Amino acid sequence: VRNSVSQEAGTVYRSTLTLGQHDEDVVADPSAQPATGIGLVRSDEGRPGFPPWRDDLWAVVTVLLAVLLWVTGIWGADPRSMTDIGLLALFTVPMVAALVILTLGFFVALRRAAPEWVLAMHLVAFIALIHGTPPALFETLRYGWSWKHLGIVDYILRTGQVDTTISALQVYHGWPGFFAGTALLTELIGRSRLEQLATWTQVAFNLFNLLAARFLLRSLSEDRRVIWLGLWFLFVTSWLGLDYFSPQGLAFPLYMVLLGLLVRAYRRPRRDGRRPPGAVMSSRVAVPVMVLLMLVIASSHQITPLMMLLALVAAYAVRVTRGWYIPVLAVVLTVGWAFVVARGYTLDHLSGLTIGKPVQNGVDTFEKSASVRGGQVLVSYGGRFTTAAGLAVALVGVYQAWLRRRLDRLALVLLLSPALCLAVTEYGGEVLFRVVLFMGPLMAYFAALAIYPEPAQTAQKRRAVTGVVVTAMVLPAFLLGYYGKDAHNYFTPAEIRGVGWLYEHAEPNAVIVVGSRNYPQRFRNYEKFVTLSIANEPEDSRNRVLADPPERLSRWLDAGPSNKRGYILITRSQKVGNDLIGPMPVGALDQIEQALRGSPRYRVAVDTGDAVAFVLVPEERKP
Amino acid sequence: MMDRRSLRLLVIATTALTAALLLVDDSTPARILVALAFALVMPGLGWAERLRLRDRGDTLLLAVTMSVCLLVLVGEGMALLRVWSVPGAFVVLAAIALLGVGLPERFRLPQRLRSRQRGPWVGRAKVPPAARADRSGEPGEARENQAAAGRA
């Protein structure tokens, strides 16, 4: 049995593996055996008079203290008072103290090689605080586009089917996995719970991400410090908010599990005969689960299957994995689904692929934030800085591993493969976000390697301090990027009530003109209405509306496909969103609302305080 | 790691409770908890346990992953084929869950495969088959591996 002593932690560590197995490990690959890893646990030979469980107890106390401080700090906050830096405007000193305590507690636990449950407790607390605060504080579903997803679930619950030929939001009917699964889950827990379920999904997805990322990182390394520091970096750099109630939120953890299985079961043996790091698994055990995952990913989302293909094909092409049938299966399932079940949407949109224009596709993502104002400029840079800093630290990790001849080529391929997506599609101007998302786990892994490049247990304190410094550098930017848009991602219950009334009372085929698409949109009977957004019109068209809203908008209502009564819907979140990110001038939607309220040609159909719907008075409608 | 009998009891109890709550159309918070536990964990739990991963976190992850995948595929199949039926979906998921814990042990991975779980490169390291099953190195895993091999 090999013992190693951490003087700084004052704790003795001892392998608890059986002698035989441990000896075999050393014979198989002396260099691959970490001094501190999963196989090493704290012994009972710690500081005299200081039993090891006391450190764990202190860890529990610090986490509870952090949670208490956070809750105390946010208690009674009013989400309506968020400013142009979103939820960050509601931060108080106790909340900052909570994050400091949680961060320091995590690194202390990491340095003393605490048991996994202690490290996990810190990350679960981090997820609960960061991702649980918006649903607990807002009590409504975040992000306007999440509500659109509720609309698809509502469609399935009403009709018991999907329609791959439907004209409205056809893409979701072509890849209905997430929606059908949610509809079934809703039926099981009770239909009235759908909104509640969706509101808390972000917390659930992040806990799923934690397990999935741990599975992936455990397949790449046996060093517990690398695994848990990687997980920590993953969660303090995931500012994108793509873990919400969406097909992407579900497909991402499935993608990580798939990669974990690939690494464990299909990694090629090293030429030098050394065993690869990380847990392993028989390919015959892994392949049924992998097929299940590929099928669900291929049928639930559009870009995740592409990322999956790129990873599997690239890994096989550069000969770091074996099993030719794995990428072939992925191609067959992905292409087969796209051209059989979703062929209507696929054939219509093939020409929209921007193949061979990686720079332009990336620039399109940056252009999405070109019209932001005020604090949103800072928010935009906060997100970018988080990613840039994470990548920079990861590059240091790659370099450190290369210097030590420990660079894991498979991990490097999995890190870089999502970037190939830039050469294929702009994905509605979001491809760069998705690339960053899918690079995240491997970026975090290499960032952890930058802190702990050696398995040897040296300079523990310095390494922990470096980790704290990196966290201190990234965390404020992460908070800015993640919470910074919540002023317009928050919807009040009164706003939801007003929009819900409209969706219940508007006649089928009615035109609904909205100020912008930033509102709880299309969550009920969505396919029955035609929605037009003023903010999404070309600039000259918007300017004509702003010049004379009553006149111009009455033409829009009359130009609808039927003679059903049309509505103009202006909500609080539309105004906040436009004032923060454009594209219309600040106060434009207030100006339109005032003009309509003052016009004798319109009357208010519903007004809940945060949502108002106007209709043309009868004589003004076309015969 | 939970033993097989406790696992079987857990899956059967959760499935039965979910069925009862669905039958009486209960709308209490208990239904949310029980139905979520059933739908998101139970269908894959028995099957994940059969993989003998030796790490509780990985077993839980694969149980959740397989359950979520099955939930999605059952829902998707019904929606695409226009045969939406909640009782039908429940029966399918319950059957998968119960088969996972109910099928005899011989349906688990054959001994020949289990002894090769570490992959081809391990053979050169002269590792005893029982110790090869998973090299994740959790404390006491080697003993559990040996015990599992003995049972088989």
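Please read these numbers as outputs of a predicted model, since none were measured by experiment. A note on names: the letters A, B, ... follow the listed sequences, proteins ahead of strands, and every chain is numbered from 1.
- Nearest heavy atoms, B/A79 versus A/A180: CB-CB, 4.4 Å.
- When each of B/L21, B/L60, B/L22 is scored by its heavy-atom pairs under 4.5 Å with chain A, the top score falls to B/L22.
- Taken to the nearest 0.5 Å, the CG atom of B/D58 stands 7.0 Å off from the CE atom of A/M281.
- Between B/R82 and A/Q161, the closest heavy-atom pair is CD-OE1, 3.4 Å.
- The most heavy-atom pairs under 4.5 Å with chain A, out of B/A48, B/A39, B/G57, come from B/G57.
- Residue A/L254 touches chain B through its side chain alone, counting heavy-atom pairs closer than 4.5 Å.
- Of the atoms belonging to B/L40, it is side-chain heavy atoms, and not backbone ones, that fall under 4.5 Å from chain A.
- The choice from B/L61, B/V74, B/V83, B/V86 that makes the most heavy-atom pairs within less than 4.5 Å of chain A is B/L61.
- Looking at B/V68, only its side chain comes within 4.5 Å of chain A, counting heavy atoms on both sides.
- For B/L33, no part lies near chain A; criterion is any non-hydrogen pair under 4.5 Å.
- The nearest pair of heavy atoms linking B/W84 to A/G160 is CB-O, 3.3 Å.
- Contacts between A/V162 and chain B at a heavy-atom distance below 4.5 Å involve backbone atoms as well as side-chain atoms.
- Between the CG atom of B/D55 and the CZ atom of A/F215 there is a distance of 9.5 Å, given to the nearest 0.5 Å.
- Considering all non-hydrogen atoms of both residues, B/I32 and A/Q196 come closest at CD1-OE1, 4.3 Å.
- Annotation: side chain of A/L292 is not in contact with side chain of B/T65 (no heavy-atom distance under 4.5 Å).
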